[in-house]
Each structure stands twice: as structure tokens, then as C-alpha cells.
Amino acid sequence: MSSVPKAKRKKYGQFFTNATTAKFMASLFCFDLSKKQVDILDAGAGTGILAAAVVQKLLESGYGGAIHITCYETDELVLPLLEENMILCNKLHNVSYTIKRENYITSQNFSGFTLFNNENYQYDYIIGNPPYMKIAKDAAEALAIPEVCYGAPNLYFLFWAMGIHNLKEEQELVYIIPRSWTSGAYFSRFRKYLFDNCVITDIHLFESRDKVFDGESVLQETMIVKVKKTSVAPHCINITSSSTSEFKDIRRFCAPYETVVSKNRFVYLVTNDEDAKILRTINHFHKTLPEINMKMQTGIIVDFRTRDVLRNELEDGSYPLLYSQHIKNGKVVWPLGKEGEVIKTDKKSYLQENGDFLIVKRFTSKEEPRRLQCGIYLKKKYDKFKYISTQNKVNFIKCDSPCVTYGLYVLLNSTLYDCYYRILNGSTQVNSTEINQMPIPERHIIEEMGRELMHQELSVVNCNKILNKWIN
């Protein structure tokens, strides 16, 4: 790490695993000590620390059979150290190894979704810290696994998918990866492939996202996950968490499988009984926003690309353009005197018919107490405008009445739904795809909640009280 600049490693999505993390990951395997030989794969092996940790754990467990390691690595700077470490494994413990200096993804023959459809499953135990890096949708790696790609993919889940493909039936894979795969449309094809072939048995979460890779400034939330190649799901998933990658304060929780892996194949990262209770409570509702014709959408104006139609003040033929800054204490307050908060255009794709809207911030900071922050916009307050528009850093729900708008505000401004969203999505971005799949009450209940809130302060406390009546 000290010999290669951080910027260069980041260019290749290369973040090295530390020793404590490698040992923890290896400890998750349930080894079959009766095997005469075990084959270990470390794709994107780096220095070989993960494969070495598996060897150490096997030997500590009393394994006496033959061990073979396959490492894939293409970085010429790290290959000499990888070779040294594999030679050491061989000298100390008679471990045989193969180092493949080729692209792990493009060198494989991926054959689609079917469970156990390839006679070339090679590995008993796969461990990995794949590169974290977005690539173009027409990159060679993406074209090698088209079945799991949607748009421009990230290398980490392509490595994971190929690892599942190469894993022997009933055997195990442990990866350290970003959390982003657990929900949303972007990873839906990958999740289908994952759950068509494997079940999750163990998850480890880190509370401090910047203390997993020492000194590497990885800002994505990172997790460790173990999967088993089988169609038989366990009753529970073992979920552990720790503050850092030192693993000194591990907390353990066993969550029912169907609580973590939902029917829509989102993965909910519950860490305690309170999280599980929140999921059970909301899952009692059976509608979604699209089912009541209130689908959440993303704002339509990318302001820096449309500067020619933006104005600072109203003029003939212009309309309000709503930003996240216009959300104030539960209401949309416009104008604010903000630069570019007016739009003047005849282009219909830039405009929305004026109506009642719930506007939701798409981005919040990690430190803010709430992820879901929304404001009510009512047509009657701005009835002189035929159209409005929304900047793309907000999401919006077009509602067909004020009471529905207030009712949806009760849901999204409640503590219950904010906690639910945090369990579902660890990022600071509010994703409309995920909101549209959240269970919500029947429309008439939403209307009743809205009517009650109309006569009260738009506070979290009041939203909680109103929602709790319908939950209980």
C-alpha cells in the first residue's frame, strides 16, 4: 500500500484487506474436514492474504488433507508479493497453488441462470475482496455476464456472480463488498441470479464505514456476506456487527431468513429485535404506491444542463422549479429567492401539470437524523400556474387530493418508515424504486390519516401518533 499511490489503487477499485478482516472472513466457513482435498479460490487475490487466512483456519481446525489454492491477479506490482506468499504456504504446509495472471471475469465461461448447470464447478471455498469500480455497460467484463447486468455495472458483483458460478454445489463463498446490492432496480438481475442459486447464511455489518480498509477512505458502506450454493434456506441468518474491522465489540443477532430476504428479493439488514419488529409491523400492510396510482418519480430537471431555461424571477410564461431547499418544516415554500428557481420553457418534457405533490429529498447527509425528508405542495396555494417543474435532486409523488398528500406525509415523516428505509438502504440517497416497493396501508386509511393531520402541526410526533392508531 505504501509503495503505490492511493489514487492509482482507487483507479482500479483496489482496496487491500487487513489481517483481522481476513481472519474473520475465514472463520465464517463451515469446513468439511472429511474431504481428501479442498480447492480454494481467491479471485482478485492481491497479496493472497485471504487465501492464506483460509489455509490457516483449515489447519487450526485439524484438516489433514490436500489443499490447493487458485489465485487470479493481473496487477504486476502486487504479483511478486503474491508469489512470495504462495511459496511460503507451500513450504510451510505443503499447500499447492496456481496463480492465473488473467482477467477472472473474461477468462471464464459463464452459462446463465440455471442452477447447477455447468460441469466445471471447481471450488469448495471461495473468498474474496473484489474490486469496487463501475465499468461501462459495454466493457468486456459486463459483456461476459450479460444476464446479471442492468445499465453500467460494478465490478464487485460481477466477481461475485462468477464466483457463485464457479462454486461447487453445497459449498460456500465469503466476500467483503459494498452494501449497495441489497435493494433497488440496478442490482435486481444480480439478486435474481444470487437467490436462484444460493442462500445467505451469515452477514457482518460495520458501523464505521471509514474504518474497514485502513487509511483507504472508502466511503461506501461495506459488509461481509457468506452464501451457500443450495436451494434449502436456513431458518435464520446469523447477523453480526462491529464498530470497526478490529472486531473487538461484535454484537450477534439471529434473524428469520424471510425477514432478511423478502419476497421481492430485497435484503433487509436487521441487527436487533427492534429492527425485526419494524419490518414485521410494516409488512402487515399489503399495498404499494404504484398499486394506489401514486408512484414516486424522480425530478425531471438537471439544472446544470438546462441553464438556458432557468430564471431567477417570475416573468410571463414561467413556472416554479422546486428544489430540495424549498422543503421547510414539512411544507414546500416557494419562492425563496434562490438562483434558478424559475423555469421558462415551452418544452413539455421539462414541465409537469400543476397539482398536489409530496416532494421528498433524494440526498441527505450521513449525519442527519432522518433519511426521509418531505414537504407538502398543494395546488390551491399556487393555482395561478398551469405547470410546475422539479429538479432531479428531489423525488415526487403526484397525489389526487390534499388529504392523500397529507396521508402520505404521515407515512414518510413517521419514525417507523424512516427506520424501515434505513434498514433497507444504507446509503444517503432516497431511491424511488425502493420507496415504490415499500408496503403501505390501503388508500382509505391514508386518506383518514391525512384528514387528521390537516388540523395539526406537521411534526414527527404527530405523524407517529396518527400512524400508531392504525397499526394498533
Side-chain angles (χ1 to χ4, degrees), residues 16-17 19 21-76 78-111 116-131 144 158-176 197-198 201-202 224-230:
F16 290 115
T17 318
T21 302
K23 289 177 182 179
F24 179 84
M25 290 172 68
S27 74
L28 295 176
F29 287 109
C30 297
F31 295 119
D32 181 353
L33 301 180
S34 67
K35 285 177 175 286
K36 291 183 179 179
Q37 177 174 321
V38 298
D39 290 286
I40 300 166
L41 170 66
D42 185 354
T47 64
I49 191 172
L50 288 171
V54 179
V55 170
Q56 178 172 311
K57 191 64 182 175
L58 270 167
L59 296 172
E60 288 174 353
S61 301
Y63 182 68
I67 301 173
H68 184 82
I69 299 172
T70 300
C71 293
Y72 282 82
E73 184 53 62
T74 57
D75 186 343
E76 293 295 333
V78 80
L79 273 163
L81 183 53
L82 174 61
E83 184 87 47
E84 282 181 34
N85 286 335
M86 291 302 103
I87 289 170
L88 193 61
C89 279
N90 176 260
K91 281 183 178 178
L92 292 176
H93 303 295
N94 199 31
V95 172
S96 61
Y97 66 90
T98 304
I99 296 177
K100 298 196 174 188
R101 302 181 180 212
E102 57 192 25
N103 185 310
Y104 172 59
I105 304 295
T106 58
S107 65
Q108 305 295 302
N109 179 25
F110 188 78
S111 54
F116 316 142
N117 66 348
N118 186 336
E119 69 277 8
N120 295 321
Y121 298 129
Q122 305 170 59
Y123 303 106
D124 301 286
Y125 306 108
I126 297 179
I127 193 165
N129 174 13
L158 298 185
F159 269 72
W160 191 2
M162 194 64 83
I164 292 167
H165 176 66
N166 289 148
L167 189 63
K168 291 179 184 177
E169 186 177 346
E170 297 295 321
Q171 300 309 304
E172 299 172 345
L173 173 151
V174 176
Y175 261 28
I176 181 167
N197 290 273
C198 294
T201 63
D202 296 79
I224 295 168
V225 62
K226 180 181 123 179
V227 300
K228 183 175 181 178
K229 196 162 189 177
T230 178

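Along the sequence shown, residues are numbered consecutively beginning with 1. What you see is a predicted model; the values in this text were computed from it and never measured.
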Steps toward side chain to side chain donor-acceptor pair (under 3.5 Å) verdict (N85, E83): CA-CA 5 Å; N85 286 335; E83 184 87 47; over 6 Å; no
Closer than 3.5 angstrom, by distance alone: can the side chain of T70 be matched with the main-chain N or O of Y97 as a donor-acceptor pair? no
Side chain to side chain contact (heavy atoms under 4.5 Å, CB included) between I176 and M25: does it pass, once the steps are laid out? CA-CA 8 Å; I176 181 167; M25 290 172 68; 3.9 Å; yes
I'd like to know if the side chain of S61 and the backbone of K57 have a donor-acceptor N/O pair within less than 3.5 Å. yes
I need the minimum non-hydrogen distance between A26 and I127, along with the two atoms involved. N-CD1, 4.1 Å
Under the criterion side chain to side chain donor-acceptor pair (under 3.5 Å), I'd like the reasoning laid out for Y104 against N166: C-alpha separation, chi angles, the key distance, then a yes or no. CA-CA 11 Å; Y104 172 59; N166 289 148; 2.7 Å; yes
Contact check, side chains of I126 and I40, non-hydrogen atoms, under 4.5 Å: no
How about F31 and Y125: are their ring centroids closer than 6.0 Å? yes
Given the options K35, K36, K228, D124 meets salt bridge (charged side-chain N to carboxylate O under 4.0 Å, His left out) only with K35
Over all atoms of both residues, closest heavy-atom pair of K229 and L167: NZ-O, 3.0 Å
Could you tell me whether a side-chain N or O of E73 sits under 3.5 Å from a main-chain N or O of I99, the two making a donor and an acceptor? no
Please give me the minimum heavy-atom distance between L50 and N129, naming the atom from each residue. CD1-N, 3.5 Å
Donor-acceptor under 3.5 Å (Y63 side chain, V55 main chain): no
Any donor-acceptor N/O pair, H165 side chain to N109 backbone, under 3.5 Å: yes
Find out whether I224 and T21 are in side-chain contact, i.e. whether some heavy atom of one side chain is under 4.5 Å from a heavy atom of the other. yes
Does the pair E172/K226 count as a salt bridge with the N-to-O cut at 4.0 Å? yes
For A43 and Y175, work out which heavy atoms get closest and say how close. CB-OH, 4.5 Å
Measuring only between side-chain heavy atoms, which start at C-beta, is L58 closer than 4.5 Å to E60? no
Between Y72 and L41 (side chain of the first, backbone of the second, donor and acceptor by atom type, cut-off under 3.5 Å), is there such a pair? no
